[in-house]
Amino acid sequence: MLLAIWVDVQKTDLTVNCSSMSVIKADFDRLALLDAEGWTHNNHYHNFLLPHIRHDCQNALEVGCGTGAFARLLAARARHVVALDLSPEMIRVARSRSAEFSNLEFQVADAASWDFPAAHFDCIATIATLHHLPLRAMILKLKAALKPGGVLIVLDLFEPERNLFTVAGLVDTFLNIVAMGVSVSLRLVRNGRLQPPRAVRAAWAAHGQHDSYPKVSEIRTLCVEILPDAQIKRHLLWRYSIIWQKQAS
């Protein structure tokens with residue numbers, strides 16, 4: 001269940017991992033076919049993210065929309081939403097679940113090469129996606145695509161500190177134990193089972209073999225450089241968030 005979180009990967013920087021985007025695309029095409037719209041570690045934090053969307057939001061973007069759960073929440077709050085995903089199967093499922101939202105536009109696209117319009121979006125959200133991309137370069141692209149006063153909303157995975165001879169390592173080890181109990185309990189309450197189906201576990205385990213994540217300390221250092229005054233929060237279920245508002249002109 002936690003292979004995708006604790007997989008032992010050697011990282012040299014905050015850039016994209018060694019697996020090709022074609023492998024990532026294949027992983028998520030497989031996962032799209034297994035999605036049952038239940039509770040997940042990601043949608044657990046949707047209600048934390050939503051209040052950061054401005055009431056007057058006109059144009060919103062989601063990078064890495066998956067089956068469209070958060071994109072539909074954006075579409076209920078914004079005039080127009082563009083939602084991107086690398087996986088054609090994810091986009092197919094997202095469209096099939098979003099017919100009622102005429103203001104929601106799904107695109108199959110690689111965010112690394114997508115042509116982001118400059119200073120266009122009032123809100124840009126990305127959930128569990130940035131760790132698949134060159135992190136610094138991608139955040140700079142998202143920053144440039146925001147209008148003055150626009151808000152960047154990030155939720156993603158982090159790599160825990162593992163050195164038990166440091167305070168951070170001890171804290172992360174303790175919180176990981178707590179998170180495992182909370183995760184199992186919430187899945188039982190929300191989905192009626194202690195763990196995902198076997199096929200889902202196998203698909204995520206295979207994906208986790210070539211995934212890697214930044215440490216929260218690295219995220220904080222990067223944000224000091226390129227997203228001054230960003231709100232960075234470490235969440236219990238192996239997630240961190242960044243909330244940043246672009247300075248109004």
Side-chain angles (χ1 to χ4, degrees), residues 1-11 16-49 62-73 83-98 106 108 110 126-133 155-160 162 172-214 235-240:
M1 178 173 62
L2 295 176
L3 281 174
I5 306 300
W6 284 88
V7 60
D8 190 10
V9 180
Q10 294 298 318
K11 292 194 300 85
V16 69
N17 59 45
C18 61
S19 63
S20 68
M21 297 309 287
S22 63
V23 173
I24 295 171
K25 170 184 166 294
D27 284 350
F28 284 99
D29 280 347
R30 177 185 180 187
L31 285 160
L33 299 175
L34 299 169
D35 184 76
E37 296 189 274
W39 175 87
T40 69
H41 294 150
N42 290 327
N43 65 29
H44 179 75
Y45 292 108
H46 284 182
N47 287 337
F48 168 81
L49 302 176
E62 184 179 10
V63 177
C65 65
T67 57
F70 194 75
R72 289 187 287 277
L73 297 175
L84 312 177
D85 203 278
L86 181 68
S87 162
E89 277 300 313
M90 286 287 183
I91 292 296
R92 181 188 64 79
V93 174
R95 285 172 176 157
S96 72
R97 295 177 180 176
S98 309
F106 290 104
V108 178
D110 182 349
T126 177
I127 297 177
T129 297
L130 289 187
H131 66 276
H132 295 129
L133 296 160
L155 182 76
D156 217 303
L157 292 80
F158 67 88
E159 179 180 340
R162 305 185 193 183
D172 274 5
T173 299
F174 171 74
L175 290 177
N176 181 61
I177 294 169
V178 174
M180 285 190 286
V182 171
S183 175
V184 169
S185 299
L186 286 171
R187 183 174 288 109
L188 179 61
V189 171
R190 302 293 180 84
N191 296 347
R193 58 191 307 149
L194 291 173
Q195 58 184 346
R198 180 176 297 179
V200 176
R201 299 199 309 271
W204 279 114
H207 176 66
Q209 294 301 314
H210 47 76
D211 236 356
S212 62
Y213 316 109
H235 299 274
L236 181 61
L237 298 178
W238 306 285
R239 301 297 187 273
Y240 72 88

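Hydrogens, waters and symmetry mates play no part in the numbers below; they use all other heavy atoms, side chains included.
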key: Value rounded to 0.5 Å, distance of CG in Leu157 from CG in Asp211   = 7.5 Å

ask   = Where do Trp39 and His44 land on the side chain to side chain contact (heavy atoms under 4.5 Å, CB included) test, with the steps shown first?
value = CA-CA 7 Å; Trp39 175 87; His44 179 75; 3.2 Å; yes

ask   = In Å and rounded to the nearest 0.5 Å, what is the CD1 to NE2 distance from Ile24 to His210?
value = 7.0 Å

query = Minimum heavy-atom separation for Met21 to His132, with atom names?
reply = SD-O, 3.8 Å

query = How about Trp238 and Ser183: do any of their side-chain heavy atoms sit closer than 4.5 Å?
reply = yes

request  = Give the intermediate values and the outcome of side chain to side chain contact (heavy atoms under 4.5 Å, CB included) for residues Asp172 and Arg162.
outcome  = CA-CA 7 Å; Asp172 274 5; Arg162 305 185 193 183; over 6 Å; no

message = Taking side chain to side chain contact (heavy atoms under 4.5 Å, CB included) as the criterion, tell me which of Asp110, Asp85, Leu86 meets it with Lys25.
response = Leu86

inquiry  = Determine whether Ser96 and Thr67 satisfy the following criterion, side chain to side chain contact (heavy atoms under 4.5 Å, CB included), listing intermediate values before the conclusion.
reply    = CA-CA 9 Å; Ser96 72; Thr67 57; over 6 Å; no

Any side-chain heavy-atom pair of Thr173 and Pro160 under 4.5 Å = no

inquiry  = Quick check: closest heavy atoms across Val63 and Thr129, and the distance to 0.1 Å?
reply    = O-OG1, 3.4 Å

task = Measure from the side-chain N and O atoms of Asn43 to the backbone N and O of Gly38, and report whether any donor-acceptor pair falls under 3.5 Å.
result = yes

task = Grab the two heavy atoms, one from Pro214 and one from His131, that are nearest each other, plus how far apart they are.
result = CD-CB, 4.5 Å

ask   = For His235, what residues pass the side-chain hydrogen bond (donor to acceptor under 3.5 Å, both in side chains) criterion, not counting sequence neighbours?
value = Ser241

query = With distance as the sole test, does Tyr45 use its side chain to make a donor-acceptor pair with the main-chain N or O of Leu237 at under 3.5 Å?
reply = yes

query = Step by step, would you call Leu49 with Ile127 a side chain to side chain contact (heavy atoms under 4.5 Å, CB included)?
reply = CA-CA 10 Å; Leu49 302 176; Ile127 297 177; 3.9 Å; yes

request  = Find the distance between CZ (Arg190) and CZ (Arg187) and round it off to the nearest 0.5 Å.
outcome  = 12.0 Å

note = Here the gap from Arg97 atom CZ to Arg72 atom CZ, rounded to the nearest 0.5 Å, amounts to 6.5 Å

query = Where do Leu236 and Leu175 come nearest, in terms of heavy atoms and distance?
reply = CD1-O, 3.7 Å

task = Give a yes or no answer on whether the side chain of Ser98 reaches the backbone of Ala94 with a donor-acceptor pair at less than 3.5 Å.
result = yes

query = Under 4.5 Å between any side-chain heavy atoms of Asp156 and Arg239, yes or no?
reply = no

task = Decide yes or no for Arg92 and Leu33: does some side-chain heavy atom of the first lie under 4.5 Å from some side-chain heavy atom of the second?
result = yes

query = Counting only N and O atoms by type, is there a donor-acceptor contact under 3.5 Å from the side chain of Arg193 to the main-chain atoms of Asn191?
reply = no

remark   = For Ala69 and His46, the nearest pair of non-hydrogen atoms, with its separation, is CB-CE1, 4.1 Å

message = To the closest 0.5 Å, what do you measure between OG1 (Thr126) and CD (Glu62)?
response = 7.0 Å

query = Any idea which heavy atoms bring Ala203 and Leu34 closest together, and the distance?
reply = CB-CD1, 3.9 Å

ask   = So, do His207 and Phe28 sit near enough that their side-chain heavy atoms are less than 4.5 Å apart?
value = yes

